[in-house]
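Working notes, beginning with the structure itself.
Computed over heavy atoms, backbone and side chain alike; hydrogens, waters and symmetry mates excluded.
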Amino acid sequence: MSVITADLTVGDPGSLGIDPAKLDELRARVRREVDEGLLPACQWALARHGKLAAFEAVGDATLDTRFLIFSATKAFVAAAVWQLIAEGSIEVERPVVDYIPEFGTNGKDAITVEQVMLHTAGFPYAPMGPQSWGTSEGRRATFARWRLDWEPGTAFEYHATSAHWVLAELITTVTGADHRDEVHRRVTGALGLPRILGLPRDQQDGIADLVTVGEPAPREELAALGLPTPDEQPEGAVTDQLLLSLNLPEAREAGIPGGGGVTTAAVVALFYQALLHNPGELWDPEVLADATSRVRNTLPDRLTGVPANRALGVVVAGDDGRANLRGFGHTQSPRTFGHNGAGGQLAWADPETGLSFCYLTNGYDLHELRQPRRGIGITSRAAVCANATDTVR
């Protein structure tokens, strides 16, 4: 597989059709929580026409600082799967058990690869711990113990980590290689970008540790919105303690496929530019277009009631006026796609404007409502930075 040389230098925003006044508004909004002392640091990048238009760090961070990107990792893993789909190595309509026989226990035999990628597989809280995630044998033995929470294909409930352990094992099964190596070989490395998944101990310098900030939202405010309080989360849900455990060197080394990526905002923004422009046809054009635009899952989120709008590994903003409830802003086009991460990490691309954007922070805000409101405000400003007179090339 040939390697495309990524350009990690920042170009002239004006030559990339970026409105300087809008860029300044975005810059001010990004700085706000750091300047106010809530967040220790953040880093953000805006890209267009395949190049970085802005890349900045605020607070206790530099441009070299890497951040945990949590579930924004999922799009990188999906991008490797898209290549395997094009090669015919993986067929999304086939049951997972056709590839991983140990998976077919406790009613899971009919679950398809597509259902795993759409979070409709029915095992959202299935655990995978350090004692088993390091080997194919350990993962498969754990799959065999997993049970269903509901009938596959009948509902959408976010599989924060479980589904992507299955995808990781699928990658290993059909390629014969470690999923961490394949994601780099096929995606980041092929684009000339640094490795993000499965960092050896001697390559973990300069990573910003996640820290908790703020106080939880008032219980009555959560109740008024029909949202669960922290002590009402289902067993096996992602907790603050689990997210903080990703600071551990062994977790960063493990390459947790659903949320263990470590990188900079520039790398994520350029990855999304690659999804917009497909340099060197790294992905089959038809598979890429389908995976990033065709909504296959419109089942309602069990928590918010909002249709999921999930394509094959990413979320699509949609035109129903509820994109902000899917982690987007108020100003993006309905075609915008991406995948955010826990703690307020933002990652998306808008095919209409040609913009891609990433915002990362190591401040995990315990206030369950302030963090998504911040994300909406930042994303809404980033999405309008393209000069209206400049067309996408």
Side-chain angles (χ1 to χ4, degrees), residues 6-36 38-67 69 72 193 208 263-277 317 323-324 327-338 340-341 344-363 371-393:
D7 186 357
L8 286 163
T9 60
V10 178
D12 172 51
S15 69
L16 297 174
I18 301 298
D19 184 317
K22 297 295 185 183
L23 188 62
D24 284 342
E25 289 179 18
L26 169 62
R27 182 178 288 114
R29 180 63 191 87
V30 165
R31 296 192 60 96
R32 183 186 303 173
E33 283 79 6
V34 178
D35 290 345
E36 292 175 350
L38 175 65
L39 300 178
C42 70
Q43 192 186 76
W44 62 280
L46 184 75
R48 197 169 189 231
H49 301 317
K51 298 180 180 179
L52 290 171
F55 177 34
E56 299 182 7
V58 186
D60 188 19
T62 70
L63 297 184
D64 293 324
T65 302
R66 291 175 292 172
F67 292 78
I69 65 172
L193 298 171
T263 192
T264 67
V267 168
V268 178
L270 288 174
F271 163 69
Y272 275 94
Q273 282 294 303
L275 297 184
L276 289 176
H277 298 288
N324 60 303
F328 298 102
H330 295 294
T331 59
Q332 291 152 296
S333 82
R335 295 175 59 201
T336 303
F337 63 88
N340 295 338
Q345 323 308 319
L346 308 173
W348 50 263
D350 187 342
E352 293 294 326
T353 62
L355 291 170
S356 64
F357 179 71
C358 179
Y359 166 91
L360 304 174
T361 179
N362 64 325
Q371 173 257 303
R373 289 168 180 163
R374 177 175 71 243
I376 292 169
I378 291 172
T379 280
S380 295
R381 287 165 175 80
V384 296
C385 282
N387 195 319
T389 61
D390 184 75
T391 58
V392 176
R393 293 193 291 268

task: Please check if the side chain of Q273 supplies one atom and the backbone of G354 the other of a donor-acceptor pair under 3.5 Å.
output: yes
query: Would you say R381's side chain and L23's backbone share a donor-acceptor pair under 3.5 angstrom?
result: no
- request: Can you see which heavy atom on S333 is nearest to which on A317, and at what distance?
  value: O-CB, 3.7 Å
message: As an exercise, state the distance from CD1 of I378 to CZ of R373, rounded to the nearest 0.5 Å.
response: 14.5 Å
query: Partners of R29 by side-chain hydrogen bond (donor to acceptor under 3.5 Å, both in side chains), sequence neighbours excluded?
result: E33
field: Verdict with supporting geometry, I18 and L46, side chain to side chain contact (heavy atoms under 4.5 Å, CB included)
entry: CA-CA 10 Å; I18 301 298; L46 184 75; 4.1 Å; yes
- line: Smallest heavy-atom separation, W348 atom then A383 atom, equals CH2-CA, 3.8 Å
query: Run the side chain to side chain contact (heavy atoms under 4.5 Å, CB included) check on C358 and L346 step by step: do they pass?
result: CA-CA 5 Å; C358 179; L346 308 173; over 6 Å; no
- prompt: Mind checking whether F337 and Y272 have side chains closer than 4.5 Å, heavy atoms only?
  reply: yes
message: Do D7 and L52 make a side-chain contact, defined as non-hydrogen atoms from C-beta onward lying under 4.5 Å apart?
response: no
task: Look up atom CZ in R66 and atom CG in N362, then write down how far apart they are to the nearest 0.5 Å.
output: 14.0 Å
- prompt: Hey, is the main chain of G17 close enough, under 3.5 Å, to the side chain of R48 for a donor-acceptor pair?
  reply: yes
query: What distance do S15 atom OG and K51 atom NZ have between them, rounded to the nearest 0.5 Å?
result: 6.5 Å
- prompt: If only atom types and distance count, is the side chain of S356 paired as donor or acceptor with the main-chain N or O of A269 below 3.5 Å?
  reply: yes
- request: Ignoring hydrogens and angles, tell me if any N or O in the side chain of T65 forms a donor-acceptor pair with the backbone of T62 under 3.5 Å.
  value: yes
Any donor-acceptor N/O pair, N340 side chain to A347 backbone, under 3.5 Å: yes
task: Would you give the length of the straight line joining atom CG of L8 to atom CG of L63, rounded to the nearest 0.5 angstrom?
output: 10.5 Å
- request: Verify the neighbour count for atom CG of D60: are there more than 12 heavy atoms of other residues, nucleotides or ligands below 6.0 Å?
  value: no
field: NE2 on H330 to CG on N324, rounded to 0.5 Å
entry: 4.5 Å
- prompt: Is the backbone N or O of G329 less than 3.5 Å from a side-chain atom of S380, with the two atoms forming a donor-acceptor pair by type?
  reply: no
query: Does the side chain to side chain contact (heavy atoms under 4.5 Å, CB included) test come out yes or no for Y359 and T379, once each step is laid out?
result: CA-CA 9 Å; Y359 166 91; T379 280; over 6 Å; no
task: Identify, with sequence neighbours excluded, every residue that meets side-chain hydrogen bond (donor to acceptor under 3.5 Å, both in side chains) alongside T336.
output: D350
message: Determine whether a donor-acceptor pair (N or O, by modelled atom type, separation under 3.5 Å) exists between the side chain of Q43 and the backbone of T264.
response: no
Which atom of A45 lies closest to which atom of F357, heavy atoms considered: O-CD1, 3.2 Å
query: Which heavy atom in P40 sits nearest to a heavy atom in G363, and how many Å separate them?
result: CD-CA, 3.8 Å
task: Mind checking the CZ-CG spacing from R31 to L26? Nearest 0.5 Å is all I need.
output: 12.0 Å
- request: Starting from the C-alpha separation in whole Å, work towards a yes-or-no answer on salt bridge (charged side-chain N to carboxylate O under 4.0 Å, His left out) for D24 and R27.
  value: CA-CA 5 Å; D24 284 342; R27 182 178 288 114; 2.7 Å; yes
message: Between E56 and W44 (side chain of the first, backbone of the second, donor and acceptor by atom type, cut-off under 3.5 Å), is there such a pair?
response: no
Closest approach of Q345 to I69 (non-hydrogen atoms, all atoms of both residues): CG-O, 3.9 Å
message: Applying side chain to side chain contact (heavy atoms under 4.5 Å, CB included) to V58 and C42, what does each step give before you reach the verdict?
response: CA-CA 5 Å; V58 186; C42 70; 3.8 Å; yes
